[in-house]
Amino acid sequence: SRPMRSTALRTACLSAVSLLALLASRPAAAQEAAAAVMPEVVVSATRLATAPEKVGSSLTIIPAEAFDAGGKPELFDALESVPGVSLSRNGGIGATSVVRLRGAESGQTQVLIDGVLINDPANASGEFDFDAFAVTGIDRVEVLRGPQSALYGNDAMGGVVSVVTKRGRGPLTATGLLEAGSFNTWRQSAGVSGGTERFGYAVNATNLTTDGISRYPLGDEADGTRNRAITAKVGADLTDIWTVEVAGGVFDLRSDYDATSRDQPYSKDKTLRYGKIDSTVLLLDGRLETILTLSGTDTDRSFDEPGGFIPHSNYSGKRWTAEFRANYQVDDTDVLTVGALREVESARIVNEDAGVRTVGVDDSITTDAVYGQYLLGLWDNLTLTFGVRHDRNEEFGPKTTVRTTAAYLVESTGTTLRASVGTAGKAPTLFQLYDPTYGNADLTPESSVGADAGFEQEALGGRLRIGATVFWNRFRDLIGFDNTYQNIEDARTWGLESSATFAVTDAVRLTATYTHLRAENLTTGRELPRRPHHQASLGAAWQVTEDARIAGALRFVGPQLDSTFTNIQNNAYTVVDVQASYAVTESVSAFGRIENLFNTDYQEVARYNSPGRAFYAGVKASF
């Protein structure tokens, strides 16, 4: 309703003013600037180490510092302020956590860790659920928006979320973190890393336990979570031209949950295992880089619902991939990339009721692909990319996707202009095809076309950086549900993404983002659910002294339709978080944070509670 929206907007404005008043005061002594510095290279946009000003795709980098300062324990939370990202979580830590890029469905976004695709083949839509993704050993996250199938293939219709873990360098370093807080929450993390000129290693682990909250809004039974994770990466330059890297990890979750209508003693267990080995060889005096990658994932999910329709169920999804890629440096600016891969996905779903086990899905599917990309540099300030990919799915036959991008740097004004256009596709999942009750073997792949254009502008000697991008996507043959899965829907999304960073002084930095999104089901004429029209964030950080730092973040999410099956609207809300840290010694620091400072009562998903005000404090050490 209009009064509710007005109240939410007033709350957002008042919260923003309070946050700025608290954090944006000029410090007594200027400190060394900690303002965001653009990374030297980005990788996900072209699968090459590319300077940011030469990237034509819409991309956001979340650096390691966002995870190293005693921040929130789940990767999902770090995506809150990324433009073009819509989030929904069914009730706090460990709950089902869904990410949508530019209004695309969650299953239309690829999620990678160290280049390994970790979307769940046994999930009904093939999506990646961020519920178990605890923060450990993250070096950076690259969020690539827009259709990316020309490089990444199936599922990359909305974009790609690529997580890169740390690789050790230099002397042996050990880190540790201890944290305690509201809802009887405890977190412990540890890591070791190091290396030589030719060898590097890093191992990081974390353990989180919390009593949690009742996910049913009217309930009083807390739904607890235990979340553990370990990641590792080892790399070695075996010769001057041959490098091998091995990476892998395990994410393990146990979490309680409720039905949508009452408290229930339901629980889920989830384990994700992933691993890969890269062999990189440089030939032709370094002009030709060849990379052979073998990777695999194993996702196992079990649900216990005593008294439910299906008391016990298990979902097992596996993926194995073999890929060869070659990058040839044609000249100083141009690079030709070609590649080929084979991917095998399998899913096995078993339901159990009164001791009787029923196999729902037990099948696999193989996809072969070849792809190519040409990165073309012109006149030192214009970079173009042209990409094409041909997939052959054993069930659906061939599918070709294309993508082209442009980036133009106006050096005299510090302006970067970007644009891209591409097509994408998504094959039906094994569940959608072969589930005995809801499956439909006659489904055809979904397809889309999308385009964007924008700019990034520097001012005030680089202290101010602003950017904006308009985007449009058209989806066809979307798989919907009408007693069984059917290709019955078309959709369109369009909108605006914008961001700004401002180093007010050497010690005070402000950030802001805003997303306007329209997402419409063209078949029904209704808006797509859980895609708010308006989202905004505001951040502020103040290096008070050399040892003390405080920061805050405000997030505003506008009203949104909750479900295609109801007219329920989730109200707008504003949430403010603050945190502080103090370096006790060169090796030890103390930190604390308050989440949901003003105790906002809100729901990201209808009929599921969200945590109120919560306090956390801890210590971190590095030796």
Side-chain angles (χ1 to χ4, degrees), residues 5 58 79-80 82-90 96-111 119 123-130 143 145-148 155-159 161 260 423-426 428-429 432 443 445-452 469-482 485-497 514-536 556-573 603-608:
R5 296 184 187 183
S58 183
L79 302 174
E80 290 177 340
V82 176
V85 175
S86 304
L87 305 176
S88 57
R89 180 161 50 190
N90 294 17
T96 298
S97 304
V98 171
V99 171
R100 298 177 178 88
L101 298 185
R102 289 186 172 173
E105 291 292 346
S106 55
Q108 295 169 341
T109 294
Q110 278 197 10
V111 181
N119 290 49
N123 185 282
S125 68
E127 72 184 20
F128 177 76
D129 186 347
F130 283 78
V143 183
R145 298 181 290 280
Q148 307 294 332
D155 300 339
M157 300 175 79
V161 177
T260 58
T423 62
K426 175 178 170 57
T429 66
Q432 292 168 341
L443 291 171
E446 302 172 330
S447 63
S448 72
V449 59
D452 58 37
T469 300
V470 293
F471 63 87
W472 173 89
N473 295 286
R474 180 73 157 81
F475 300 87
R476 299 183 185 274
D477 297 322
L478 293 179
I479 297 173
F481 189 79
D482 185 8
Y485 288 103
Q486 307 280 345
N487 292 101
I488 57 175
E489 296 179 349
D490 291 345
R492 177 176 58 222
T493 71
W494 58 272
L496 167 72
E497 302 163 348
Y514 169 73
T515 301
H516 176 72
L517 172 65
R518 294 289 179 172
E520 180 184 10
N521 184 322
L522 298 177
T523 304
T524 64
R526 301 188 68 190
E527 63 181 281
L528 296 176
R530 298 178 189 170
R531 291 142 168 104
H533 293 173
H534 303 281
Q535 291 188 103
F556 169 78
V557 178
Q560 56 190 299
L561 180 69
D562 183 73
S563 169
T564 56
F565 304 106
T566 69
N567 290 316
I568 295 175
Q569 287 276 334
N570 294 329
N571 294 328
Y573 61 88
Q603 294 182 353
E604 295 181 63
V605 177
R607 298 181 296 273
Y608 284 97

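Between the NZ atom of Lys426 and the OG1 atom of Thr109 there is a distance of 9.5 Å, given to the nearest 0.5 Å. Atom OG of Ser448 sits about 14.5 Å away from atom CZ of Arg492, to the nearest 0.5 Å. For the atom pair Phe481 CZ and Gln432 CD, the distance stands at 10.5 Å (nearest 0.5 Å). To the nearest 0.5 angstrom, Leu561 atom CG is 5.0 Å from Glu527 atom CD. Between atom CD of residue Glu105 and atom CZ of residue Phe475 there is a gap of 8.5 Å, rounded to the nearest 0.5 Å. Summarising the geometry, atom CG belonging to Leu478 is positioned 5.0 Å from atom CD belonging to Glu446; distances are rounded to the nearest 0.5 Å.
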From CA spacing to verdict: side-chain contact (heavy atoms from CB on, under 4.5 Å), Val85, Gln535: CA-CA 9 Å; Val85 175; Gln535 291 188 103; 5.9 Å; no

query: Should Asp129 and Asn123 be marked as a side-chain contact (heavy atoms from CB on, under 4.5 Å) after you check the CA-CA gap, both sets of side-chain angles, and the distance that decides it?
result: CA-CA 9 Å; Asp129 186 347; Asn123 185 282; 5.5 Å; no

message: Between Leu87 and Val557, does the side-chain contact (heavy atoms from CB on, under 4.5 Å) criterion hold? Intermediate values first, please.
response: CA-CA 10 Å; Leu87 305 176; Val557 178; over 6 Å; no

- prompt: After noting the C-alpha distance and the side-chain angles of Tyr608 and Thr96, does the key distance pass the side-chain contact (heavy atoms from CB on, under 4.5 Å) rule?
  reply: CA-CA 11 Å; Tyr608 284 97; Thr96 298; over 6 Å; no

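The backbone N or O of Gly146 lies less than 3.5 Å from a partner atom in the side chain of Gln148, making a donor-acceptor pair. Without hydrogens or angle criteria, Thr515 side chain to Gly84 main chain gives a donor-acceptor distance under 3.5 Å. Checked by atom type and distance alone, the side chain of Asn90 never pairs as donor or acceptor with a backbone atom of Ser97 at under 3.5 Å. Proximity of a side-chain donor or acceptor of Asn119 to a complementary backbone N or O of Gly126 within less than 3.5 Å is detected.
The nearest pair of heavy atoms linking Thr429 to Ser125 is CG2-C, 3.4 Å. Scanning all heavy atoms of the two residues, the minimum distance from Pro532 to Gln560 falls at CD-OE1, 3.4 Å. For the residue pair Leu443 and Tyr485, the shortest heavy atom distance occurs at CD2-O, 3.5 Å. Here the shortest heavy-atom pairing between Val82 and Arg145 reads CG1-NH1, 3.6 Å. Smallest separation of non-hydrogen atoms from Thr493 and Ala519: CG2-CB, 3.8 Å. Shown here for Arg476 and Asp490, the closest heavy-atom pair between the two residues is CA-OD1, 3.3 Å.
Using the six-membered ring where Trp is involved, His516 and Tyr514 have ring planes that are parallel, under 30° apart on the 30 and 60° scheme.
Contact of the Leu101 side chain with the Val143 side chain is registered, since non-hydrogen atoms from C-beta on lie closer than 4.5 Å.
The environment of Arg518 atom CZ is dense: over 12 non-hydrogen atoms of other residues, nucleotides or ligands sit within 6.0 angstrom.
Side-chain contact of Arg100 with Ser86: a donor-acceptor pair under 3.5 Å is absent, judged by distance alone.
Take Arg530 and apply the salt bridge (charged side-chain N to carboxylate O under 4.0 Å, His left out) test, not counting sequence neighbours, and it matches Asp562.
Taking the charged nitrogens against the carboxylate oxygens, Arg102 and Asp452 do have a contact shorter than 4.0 Å, which makes a salt bridge.
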